[in-house]
Trainee: 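The structure follows.
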Amino acid sequence: MMFVFLIIKKNLDQFLKQFDEVFYCSEEELQKQIEEELLEKATKEAREKGHKLGMEEGLQQGIQKGIQKGQRQEALMIAKNMLNEDFDVEMISKITNLSKEELEKIS
């Protein structure tokens with residue numbers, strides 16, 4: 001029985017020694033670990049926030065480009081109809097903000 005107790009005590013002593021080695025660190029090391037974890041967390045949050053803002057900005061730019069494209073198509077359609085009705089090219093250019101060169105391409 002004494003032999004079993006010695007083995008258990010020896011194993012317990014080894015475990016406690018390893019436990020101390022694993023979990024013991026100086027205050028400076030602990031502070032450094034905390035700072036590294038905080039920096040890592042802040043970096044991750046900043047990256048996620050930047051990604052989200054970039055996506056929102058990209059969406060807004062896409063919407064704006066779509067609106068501009070639609071307005072241009074509408075101006076071209078109006079200009080084409082006006083040309084078909086023999087409106088003056090100068091007047092069509094003023095109304096649609098299309099250049100004379102652009103109007104020549106669609107006539």
Side-chain angles (χ1 to χ4, degrees):
M1 193 72 155
M2 184 67 136
F3 180 71
V4 173
F5 177 72
L6 290 175
I7 292 175
I8 292 173
K9 183 175 182 330
K10 182 180 177 187
N11 289 338
L12 181 60
D13 288 342
Q14 288 174 346
F15 172 76
L16 290 175
K17 183 179 178 186
Q18 290 173 349
F19 183 82
D20 283 343
E21 289 173 5
V22 171
F23 292 101
Y24 175 78
C25 62
S26 68
E27 189 174 325
E28 293 86 21
E29 290 173 328
L30 183 59
Q31 183 66 31
K32 184 178 177 183
Q33 283 179 337
I34 291 170
E35 288 172 358
E36 287 174 357
E37 289 174 10
L38 288 174
L39 180 60
E40 185 178 317
K41 182 179 179 184
T43 302
K44 181 180 178 186
E45 288 174 358
R47 187 177 294 119
E48 289 172 355
K49 184 176 182 181
H51 179 74
K52 182 180 178 183
L53 290 174
M55 292 294 287
E56 289 172 1
E57 185 177 323
L59 178 61
Q60 289 301 318
Q61 288 176 356
I63 290 170
Q64 188 62 36
K65 283 183 181 181
I67 290 170
Q68 290 172 352
K69 185 177 179 181
Q71 289 172 337
R72 176 160 172 74
Q73 288 175 341
E74 183 178 20
L76 289 168
M77 185 181 70
I78 291 169
K80 187 172 183 176
N81 289 337
M82 291 176 82
L83 285 168
N84 289 338
E85 295 295 325
D86 294 325
F87 278 78
D88 180 56
V89 173
E90 286 285 326
M91 182 182 284
I92 297 172
S93 180
K94 274 186 180 180
I95 292 171
T96 61
N97 290 322
L98 296 172
S99 69
K100 291 177 186 176
E101 293 80 22
E102 290 173 304
L103 293 173
E104 288 174 7
K105 288 180 184 178
I106 62 173
S107 60

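Because the structure is predicted, anything quoted here is derived from the model rather than measured. Here, residue 1 is the first one in the sequence, and each next residue gets the next number.
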Trainee: Give the intermediate values and the outcome of side chain to side chain contact (heavy atoms under 4.5 Å, CB included) for residues E36 and E40.
Mentor: CA-CA 6 Å; E36 287 174 357; E40 185 178 317; over 6 Å; no
Trainee: side-chain hydrogen bond (donor to acceptor under 3.5 Å, both in side chains) for Q31 and E35? Distances and angles first, verdict last.
Mentor: CA-CA 6 Å; Q31 183 66 31; E35 288 172 358; 3.2 Å; yes
Trainee: Going hydrophobic residue to hydrophobic residue with side-chain gaps under 4.5 angstrom, can you get from V89 over to M91?
Mentor: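 Yes, because V89 and M91 connect within a single hydrophobic cluster, where side-chain heavy atoms sit under 4.5 Å apart.
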Trainee: Nearest 0.5 Å please: distance from the CG atom of L53 over to the CE atom of M55.
Mentor: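 So the CG of L53 and the CE of M55 are separated by 11.5 Å.
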Trainee: Evaluate the side-chain proximity of L98 to L76: yes if any heavy-atom separation is below 4.5 Å, no if none is.
Mentor: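 Yes - at least one pair of side-chain heavy atoms lies under 4.5 Å apart.
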Trainee: Please list every donor-acceptor pair under 3.5 Å in which a side-chain atom of residues 79-86 meets a protein atom from a residue at least two apart or in another chain.
Mentor:
unit_1 : atom_1 : unit_2 : atom_2 : d
N81    : ND2    : M77    : O      : 3.4
N84    : ND2    : K80    : O      : 3.3

Trainee: To the nearest 0.5 angstrom, please state how far the CD atom of E90 sits from the CD1 atom of I92.
Mentor: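 One finds 10.0 Å between CD of E90 and CD1 of I92.
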Trainee: With sequence neighbours left out, write down each residue that passes side-chain contact (heavy atoms from CB on, under 4.5 Å) with L38, or none if nothing qualifies.
Mentor: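 Partners of L38 under the side-chain contact (heavy atoms from CB on, under 4.5 Å) test: I34.
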Trainee: Please tabulate, for side-chain N and O atoms in residues 60-73, each donor-acceptor pair with protein atoms closer than 3.5 Å (sequence neighbours left out).
Mentor:
unit_1 : atom_1 : unit_2 : atom_2 : d
Q61    : NE2    : E57    : OE2    : 3.3
R72    : NH1    : E102   : OE2    : 2.8
R72    : NH2    : E102   : OE2    : 2.9

